[in-house]
Amino acid sequence: LSAVPTNVEPYTGVVAVDVPFDVACRLNEACRARKPVASFIRSSVHGLFGTIFTDFGNEFVVNDINGEEAKTAIISSISQAKPGLVTCVEDGRLDFEDGDVIRFAEVQGMTELNEAGKTFKLSNVKAHSFNL
């Protein structure tokens, strides 16, 4: 590629595969200049090894502390106290820790907990319950 496309305006994301580093840098700069920022992913494979670079802009936040898969639990009740006490079914121990950030889905009754993007920080985590 001798000419790098600089008009990324029509795109919300650009994926560059096996392009030279300097070309990838120019594409990434074009993506960052777009308002809103276009996501940029560059991958390169060299035999058994490869690289991946991602840039989703300064506003992109990763809340994953340890890289593990998301944990799930089935809720049996939620109190309306402050702080709220969430009790889960006793089929297995919770795999949560104090400070974990969670998101609810498919809660019936207190449907405001299901609001998109709404997160809660856990405290006082026990084997089958935690506080919000």
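Residues: numbered from 1 along the sequence shown.
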Group every Ile, Leu, Val, Met, Phe, Trp and Tyr by side-chain heavy-atom contacts under 4.5 Å, then state whether Val45 and Val17 land in the same group. no
Verify same cluster id: Ile41, Phe60 (apolar side-chain graph, 4.5 Å): yes
What closest approach, in Å, do Ser44 and Asp18 show between heavy atoms, and which atom pair accounts for it? CA-OD1, 3.2 Å
Mind listing the side-chain donor-acceptor pairs of residues 106-114 below 3.5 Å, one per line with the distance, residues two or more places apart or on another chain?
| residue | atom | partner | partner atom | Å |
| --- | --- | --- | --- | --- |
| Asn114 | OD1 | Glu106 | N | 3.3 |
| Asn114 | OD1 | Val107 | N | 2.9 |
| Asn114 | ND2 | Val107 | O | 2.8 |

Closest non-hydrogen atom pair, Cys31 against Val14: SG-CG2, 3.6 Å
Please report the closest heavy-atom contact between Gly13 and Ala38, naming both atoms and the distance. N-CB, 4.2 Å
Linking directly or through intermediates, with side-chain heavy atoms under 4.5 Å: list the remaining ILVMFWY members grouped with Val37, chain and number order. none
Taking side chain to side chain contact (heavy atoms under 4.5 Å, CB included) as the test, write out the residues that go with Val61, two or more places apart. Asn63
Interatomic spacing from CG in Asp95 to CG in Asp100 - rounded to 0.5 Å: 8.5 Å
Write out all pairs satisfying ring-ring contact (aromatic ring centres under 6.0 Å, His included) with one or both partners inside residues 81-107, taking only residues at least two apart or from two chains. Phe96-Phe130, Phe104-Phe120
Please identify each residue that fulfils side-chain hydrogen bond (donor to acceptor under 3.5 Å, both in side chains) with Asn124, with sequence neighbours left out. Lys126, Asn131
Taken to the nearest 0.5 Å, the spacing of Ile78 CD1 from Ser129 OG works out to 12.5 Å
Would you list the pairs meeting ring-ring contact (aromatic ring centres under 6.0 Å, His included) in which at least one residue belongs to residues 11-53, sequence neighbours left out? none
Thr72: partners by side chain to side chain contact (heavy atoms under 4.5 Å, CB included), with sequence neighbours left out: none
Within-4.5 Å side-chain heavy-atom neighbours: Val125 and Glu97: no
Contact between Pro20 and Val23 at the side-chain level, heavy atoms closer than 4.5 Å - yes or no? yes
Mind listing the closest non-hydrogen atom pair of Asp98 and Ser123 along with its distance? OD1-C, 3.4 Å
Heavy-atom side-chain proximity of Leu132 to Val86 below 4.5 angstrom: yes
Sort and list the pairs that fulfil salt bridge (Lys or Arg N to Asp or Glu O under 4.0 Å) and have at least one residue in residues 27-54, not counting sequence neighbours. Arg32-Asp55
Filter on side chain to side chain donor-acceptor pair (under 3.5 Å), then keep only pairs touching residues 74-87, sequence neighbours left out; what's left? none
I'd like to know if Ile102 and Leu94 are part of one continuous hydrophobic network [Ile/Leu/Val/Met/Phe/Trp/Tyr, side-chain heavy atoms within less than 4.5 Å]. yes
Could you note down all residue pairs passing salt bridge (Lys or Arg N to Asp or Glu O under 4.0 Å) where residues 113-125 supplies at least one of them, sequence neighbours left out? none
